[in-house]
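Okay, structure first, notes after.
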Number of protein chains: 2
Amino acid sequence: MAPRSCSVANALEVVGERWSLLALREVFFGNTRFDQIAANTGASRDVLTVRLKKLVAAGVLEKHQYSDHPPRHEYHLTDAGRALHNVLLMFKEWGDTYVTQGPLPLVYQHSCGAVLEPRVVCAHCGEEATLESLSRAPESAA
Amino acid sequence: MAPRSCSVANALEVVGERWSLLALREVFFGNTRFDQIAANTGASRDVLTVRLKKLVAAGVLEKHQYSDHPPRHEYHLTDAGRALHNVLLMFKEWGDTYVTQGPLPLVYQHSCGAVLEPRVVCAHCGEEATLESLSRAPESAA
DNA sequence: CCTCCTAAGTTGGCTTTCCCAACTCACACT
DNA sequence: AGTGTGAGTTGGGAAAGCCAACTTAGGAGG
């Protein structure tokens, strides 16, 4: 039997390898240079090279030259890359709740002033999108 | 330099390996048996064995015996496992938008009747938690 | 009783990835 | 001339992954 066709699997094909998401986390933090990403993630430089190439090829990052002499580069987020922030946010929330021991390494403040407690809601009604509140829509493919 | 301490990294330690999230996806779909998970994810059986053991050890899944004679098992979600649904949801959303070609393999309907368009919001004010609306809170550790 | 079947892994052998440290290259700085 | 920095490359060994076949423990059919 062929494995299930699924957007989660498709997404993981692109950003599901080890270090990819952590590299993106660094870019979100503004650490856009190779050495910064390597140091802050702990990825080995050769693997990081491959991951960054793949992320650029996938349209998640763009490689920017910010100096001609000497040639120096920065990695910037595309729209697709920026859209991954929600994924990171959910990982962070889950890690905060179920994995991280002791004080949280990072706490976000929302522009409303409160400490961020993220919730996933339905854009249409604003109610939370819980596991129980979801069903397969009729237009789903077989 | 030591890599950054981060709940995203911690979360990925637990569920970031290949096949882990896809195995969980299957359990969310109600495919709780080894062979179903293997067939629907495409993971090789030996790797899947290791992943499931790790997920059980991490408290994300529980192994249930549903028949004594012959011994048969099912994997069930714990609270921590159920909490990962948001992560899957965000991956699905991102994959739907930026990776999957053609018709979406799965569309969710929210209990309000609308097709689900998930949004991440601040639980306090209900406004969207965009990248720009977030800042590092003062209580964040160094 | 003998054979086939299912569930849930195990095992062996091979291939691919990963990790680490050291090295390169191009340029600037002093 | 020598040192430093950014951005990778390279080589070699260790670990993980993949596949197909095998096992174990017990039904079900004839």
- Is there a path of hydrophobic side-chain contacts, each under 4.5 Å between heavy atoms of I, L, V, M, F, W or Y residues, that connects B:Leu131 with A:Leu21?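 Looking at the clustering, A:Leu21 is in the same group as B:Leu131.
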
How long is the line joining [atom1] of [X] and [atom2] of [N], in whole Å?
X       : N      : atom1 : atom2 : result
B:Glu26 : C:dA8  : CD    : C1'   : 17 Å
A:Leu52 : D:dT9  : CG    : C1'   : 15 Å
B:Arg51 : D:dC18 : CZ    : P     : 8 Å
B:Gln36 : C:dT6  : CD    : P     : 14 Å
B:Glu74 : C:dT6  : CD    : P     : 18 Å
A:Asp35 : D:dG4  : CG    : P     : 15 Å
A:Leu48 : D:dT10 : CG    : P     : 16 Å
A:Leu22 : C:dC19 : CG    : P     : 11 Å

Give a yes/no on whether any side-chain N or O of [X] is located under 4.0 angstrom from OP1 or OP2 of [N].
X       : N     : value
A:Tyr75 : D:dG8 : yes
B:Lys53 : C:dA8 : no
A:Lys63 : D:dG6 : no

- Message: Over 60° means perpendicular and under 30° means parallel, so tell me whether A:His76 and A:His64 are parallel, tilted or perpendicular.
- Response: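 It falls in the tilted class, 30° to 60°.
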
- Item | Comparing A:Phe34 and B:Trp19 on DNA chain D - which has the more 5′ nearest nucleotide |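 On the 5' side of the pair lies A:Phe34.
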
- Task: State which of C:dG9, D:dC19, C:dC19 makes the closest approach to the side chain of A:Val47.
- Result: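 The closest nucleotide is C:dC19.
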
- Message: Please pick, from C:dT6, D:dA7, C:dG9, the nucleotide with the shortest atom-to-atom distance to any side-chain atom of A:Arg72.
- Response: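 Closest of the options to the side chain of A:Arg72: D:dA7.
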
- Query: Below 3.5 Å, does any donor atom in the side chain of A:Arg45 face an acceptor in the base of D:dA7, or the other way round?
  - Reply: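 Side chain to base: pair found, below 3.5 Å.
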
- Item | Donor-acceptor pair (no angle test) under 3.5 Å: A:Asp46 side chain, C:dC18 base |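 No.
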
- Ring centers of B:Phe28, B:His85 separated by less than 6.0 Å: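 That pair passes the under 6.0 Å test.
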
- With rounding to the nearest 0.5 Å, note down the distance linking CG in B:Asp46 to CZ in B:Arg51.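 If I round to the nearest 0.5 Å, the distance is 9.5 Å.
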
- Task: Give a yes or no on whether the backbone of B:Glu17 and the side-chain of B:Lys54 come within a donor-acceptor separation of less than 3.5 Å.
- Result: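 No, the answer is negative, given that no donor and acceptor are paired below the 3.5 Å cut-off.
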
